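Note that the structure is a prediction, hence the values are computed from the model and not measured.
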Amino acid sequence: MKTYRYKGYKISVSLIQAVYDEPVKIDGYDKTLQLEELDFCKLIEIRVDLYGDIKRILLVASYHTPVDSFVAMHDDGLFLMLNDVLCIFDPVTLEITHKTTISPLGTMFEVHQFGKDYILYGEIEIYRISENLNEKWSFSGADIFVRCGSSLPAFEMKDDRICLYDWLDNYYEIDYDGNVITDILKDYL
């Protein structure tokens, strides 16, 4: 369970269960935010605590939501990356106040705050998303951004660039404006 602080609120986010065809129990929550069908989803609890007054919210999200790395702080609450759905959760109103979608070809892995923007690390794409949930740019390589035969990270954010390896061991560096600085592609012929 991860905990975030927003103004006087303490917000905890945790996975309840990943659901396939299991019956879903949604009783006992103060609010349900259903962003995905109940047959193939993840159930996530958002617990909002304001000086001991606790509200429990059930979030029905994409099964592909990376539950350990899908939340970042936002000026209006929490930024949530629910795989292809991006939204802002307001702990004051317990509502999703802004929502948009992206179109990744693969699964999204992690969200990283970058100033007021967000860098989204996905299996096939890297995105930069503005605080208003607008896509500033996206980048794809020759293959998935997962390292083959190595436990070293395939994605690393540095002060002035993002460093990436793909499955074919190609190496890329892009700046925070989405421009390619370096691409070292392996010759497999």
Side-chain angles (χ1 to χ4, degrees), residues 2 4 13-15 18-20 35-37 40-44 59-89 96 98-189:
K2 292 195 175 182
Y4 304 88
V13 180
S14 60
L15 175 68
V19 176
Y20 291 92
L35 300 175
E36 187 72 29
E37 295 300 317
F40 191 67
C41 62
K42 284 189 178 161
L43 299 180
I44 298 165
L59 176 64
V60 182
S62 166
Y63 178 77
H64 301 290
T65 298
V67 295
D68 292 330
S69 55
F70 75 100
V71 180
M73 294 305 300
H74 188 277
D75 285 346
D76 296 329
L78 297 180
F79 174 90
L80 306 177
M81 179 186 72
L82 309 170
N83 198 53
D84 61 336
V85 175
L86 310 178
C87 55
I88 306 300
F89 172 74
I96 299 294
H98 299 80
K99 183 176 117 178
T100 192
T101 58
I102 54 176
S103 299
L105 294 174
T107 302
M108 298 306 295
F109 295 145
E110 300 171 353
V111 59
H112 297 272
Q113 200 147 8
F114 182 71
K116 289 191 176 254
D117 290 349
Y118 303 92
I119 303 296
L120 310 183
Y121 163 42
E123 181 179 21
I124 296 177
E125 295 96 356
I126 308 299
Y127 291 91
R128 182 169 177 181
I129 304 296
S130 74
E131 67 180 319
N132 298 325
L133 304 186
N134 295 317
E135 182 180 320
K136 288 188 167 184
W137 54 260
S138 66
F139 174 80
S140 296
D143 208 329
I144 61 175
F145 293 121
V146 176
R147 298 212 44 189
C148 176
S150 173
S151 61
L152 296 173
F155 170 88
E156 183 181 2
M157 289 177 61
K158 295 189 175 181
D159 289 342
D160 62 343
R161 67 190 70 212
I162 300 169
C163 302
L164 301 158
Y165 284 92
D166 69 19
W167 186 259
L168 301 173
D169 208 31
N170 296 314
Y171 176 71
Y172 311 89
E173 292 181 353
I174 56 175
D175 67 19
Y176 286 99
D177 292 320
N179 301 308
V180 176
I181 300 169
T182 302
D183 59 347
I184 301 171
L185 305 177
K186 300 289 182 175
D187 186 8
Y188 292 98
L189 296 177

Under the criterion side-chain contact (heavy atoms from CB on, under 4.5 Å), I'd like the reasoning laid out for Leu80 against Val13: C-alpha separation, chi angles, the key distance, then a yes or no. CA-CA 11 Å; Leu80 306 177; Val13 180; 5.8 Å; no

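- Interatomic distance, SG of Cys41 versus CG of Leu59, reported as 9.5 Å (0.5 Å rounding).
- Ile102 places a side-chain heavy atom less than 4.5 Å from the side chain of Leu86.
- Scanning for side-chain hydrogen bond (donor to acceptor under 3.5 Å, both in side chains) contacts around Tyr4 gives an empty result, with sequence neighbours left out.
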Please lay out, stage by stage, how Thr100 and Ile129 fare under the test side-chain contact (heavy atoms from CB on, under 4.5 Å). CA-CA 11 Å; Thr100 192; Ile129 304 296; 5.9 Å; no

Hey, mind stepping through Cys87 and Leu82 against side-chain contact (heavy atoms from CB on, under 4.5 Å) and telling me if it holds? CA-CA 8 Å; Cys87 55; Leu82 309 170; 3.9 Å; yes

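- At distances below 3.5 Å, not a single donor-acceptor pair connects side-chain atoms of Asp177 with backbone N or O atoms of Asn179.
- For Glu173, the side-chain hydrogen bond (donor to acceptor under 3.5 Å, both in side chains) partners two or more places apart in sequence, or in a different chain, are Arg161, Tyr171, Thr182.
- Annotation: the span from Asn134 atom CG to His98 atom NE2 amounts to 10.0 Å, rounded to 0.5 Å.
- Residues Val60 and Glu37 come closest through the heavy atom pair CG1-O, 4.2 Å.
- Summarising the geometry of Trp167 relative to Cys148, their closest heavy-atom pair is O-CB, 3.4 Å, with the distance given to 0.1 Å.
- Among all heavy-atom pairs drawn from Trp137 and Tyr176, the shortest one is NE1-O, 3.1 Å.
- Expressed to the nearest 0.5 Å, how far OH of Tyr118 lies from CG of Leu133 amounts to 8.0 Å.
- In this structure, Phe145 has its ring center at least 6.0 angstrom away from the ring center of Phe155.
- Here the shortest heavy-atom pairing between Ser140 and Glu125 reads OG-CG, 3.4 Å.
- Distance check: Asn132 CG to Ile88 CD1 gives 9.0 Å after rounding to the nearest 0.5 Å.
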Only pairs under 3.5 Å count here: list side-chain donor-acceptor contacts from residues 106-116, not counting sequence neighbours, and write none if there are none.
residue: Glu110; atom: OE1; partner: His112; partner atom: NE2; Å: 2.7
residue: Gln113; atom: OE1; partner: Met73; partner atom: N; Å: 3.4
residue: Gln113; atom: NE2; partner: Met73; partner atom: O; Å: 2.9
residue: Lys116; atom: NZ; partner: Asp75; partner atom: OD2; Å: 2.4

Residues Tyr172, Asp166; criterion side-chain contact (heavy atoms from CB on, under 4.5 Å); working and verdict: CA-CA 8 Å; Tyr172 311 89; Asp166 69 19; 2.8 Å; yes

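- Heavy-atom minimum distance, Asp117 versus Glu131: OD1-N, 3.5 Å.
- Considering CZ of Phe139 and CD1 of Ile126, their distance stands at 8.0 Å, rounded to 0.5 Å.
- The two residues Ile162 and Ile119 have their closest heavy-atom pair at CD1-CG2, 3.9 Å.
- With hydrogens and angles disregarded, no donor-acceptor distance shorter than 3.5 Å links the side chain of Lys99 to the backbone of Val85.
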